[in-house]
Amino acid sequence: MPIYGTRPEAIKMAPIVKALQASEHFECRVTVTGQHREMLDQVNELFGIVPDHDLNIIQQRQTLNGVLTRTVSGLDALFAEDRPDAVIVQGDTTTTTAGALAAFYVGIPVIHAEAGLRSFNLFSPFPEEANRKMTSQITSLHLAPTGQSRANLLREAVAEEDVVVTGNTVIDALLEVAQKQVPFSDGQLEDAAASGQEVLLVTTHRRENQGSAMEGVGRALARLSERYPEKLIVLPAHRNPVVREAILPALAGHDNVIVTEPLPYGEFTRLMNLATVVLTDSGGVQEEAPSLGKPVLVMRENTERPEAVDAGTVRLIGTDEDRVVDEVSTLFDDAAAYRAMANAVNPYGDGQAAARTVVAVEKLFGLGERMPDFAPQG
Ligand code: UD1
Ligand code: UDP
């Protein structure tokens, strides 16, 4: 039983769901918590996934404890009716940890996809670092995306035989979706694609950036739009009203700033592909944009995804308003600085992560042999 609740989990779980459904060994019951609603449904629709169970727990301006308790009590009741042989959770959201805990407490083995990421700061990202550490404590099979995430788990005394390096399924999803050249629903984006106008693509939602840091980012974007009137700034806005209240006021009246609703994944990947620079605090975007050869400026102080930083395509810049303006300007103005970052690298996957996942789950049930671990090329 895959259990997931938010947009990034849905994107990263979709290849696993497809592979489980294709396996002769498993019956797959998809359960969504509904921690997200529109942003979750959008992804399931794209991948043609119809959940078997939907806890529909979302509330506007929900609290972490609210998400946790509604998920645990919903799953407890569900497990009494439809008890799976194992659950698979993904990543580091509160759905992830609550799903793992609800299963663990009733004796159902937990499989954790995207295991072993660590920022080594309990409060950043908050609450994701704690969520992923807590989930690791009650997991039977750890699916680490990279060798570094595997090493993090081994340092925490997880047994070697319980860790499989699969690569990240986000690359499976990206490769599948990026093949289809979908049209943009927003005409201005189609015009930008046709004219070759340069695009700065921005996403932001992290809890620890909400409030004054995000207001500063809004002001930085407004300044960039004035400094570069010929370029386009595109912000697909997260549905969280707290995010919108912080970032949107500074952008009003700036004609070369386009604020959209969350874009369907196909449109978003197309936009990443045509963007000149990506500015984000997202986890998934840090994994995807490097494989498209796009420089990524990450509005955070640390990252649990060091591989693309080491490869030189991702730079951590924090949220200081002046620094955001300076770092973006450098990439727009300095061709050598741009070239140094714009390398396509694939430290996170090769498109086979879901296949390795299913083989690892089969092995957990005593079926078949282990596949060789994922190792990046080059
Ligand atoms: C959550 C995850 C975060 C992940 C992010 C991906 C936790 C604690 N946070 O953060 O790790 O990076 O998702 O986007 O698990 N809302 C809607 N419709 C939607 C989605 C959200 O209206 O489809 C609004 C609701 O008012 C909701 C609020 O956004 O209360 C916040 O959603 P929530 O899932 O609690 O937090 P995120 O910031 O989305
Ligand atoms: N994404 C999308 N539409 C958008 C913005 C992002 O499909 O308008 C995708 C993006 O490609 C990535 C994922 O959503 O796969 C990242 O989600 P988010 O930033 O909300 O969460 P995080 O990865 O930070 O947990």
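Just so you know, ligand 1 is whichever comes first in the structure, and atom 1 is the first atom listed for that ligand. Remember, predicted model here, so these are calculated numbers, not experimental data.
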Where ligand 1 meets Q59 - atom numbers and elements under 4.0 angstrom, heavy-atom basis: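 Listed by number with element: 25 (C), 27 (C), 30 (O).
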Got L279 and L200 here, is their nearest side-chain heavy-atom distance under 4.5 Å?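 Contact flag for L279/L200 side chains = yes.
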Do H53 and V32 touch side chain to side chain, with heavy atoms closer than 4.5 Å?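 Not touching, per the 4.5 Å side-chain cut-off.
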Looking only at protein heavy atoms, identify the closest one to [atom] and say how far it is in Å.
atom                    : result
atom 15 (O) of ligand 2 : E288 OE2, 2.6 Å
atom 24 (O) of ligand 2 : G283 N, 2.7 Å
atom 1 (N) of ligand 2  : F268 CD2, 3.6 Å
atom 32 (O) of ligand 1 : Q62 NE2, 3.5 Å
atom 14 (O) of ligand 2 : R7 NE, 3.3 Å
atom 19 (O) of ligand 2 : S282 OG, 2.7 Å

Is the closest heavy-atom distance from R206 to ligand 2 below 4.0 Å?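 R206: in contact with ligand 2 (<4.0 Å).
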Does ligand 1 have an atom under 4.0 Å from some heavy atom of L64?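 Yes, L64 has a heavy atom closer than 4.0 Å to ligand 1.
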Would you check whether V242 reaches within less than 4.0 Å of ligand 1, judged by its heavy atoms?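 False for this residue.
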Options R206, H238, E9, ranked by nearest heavy atom to atom 14 (O) of ligand 1, top entry: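 The option holding the nearest heavy atom is H238.
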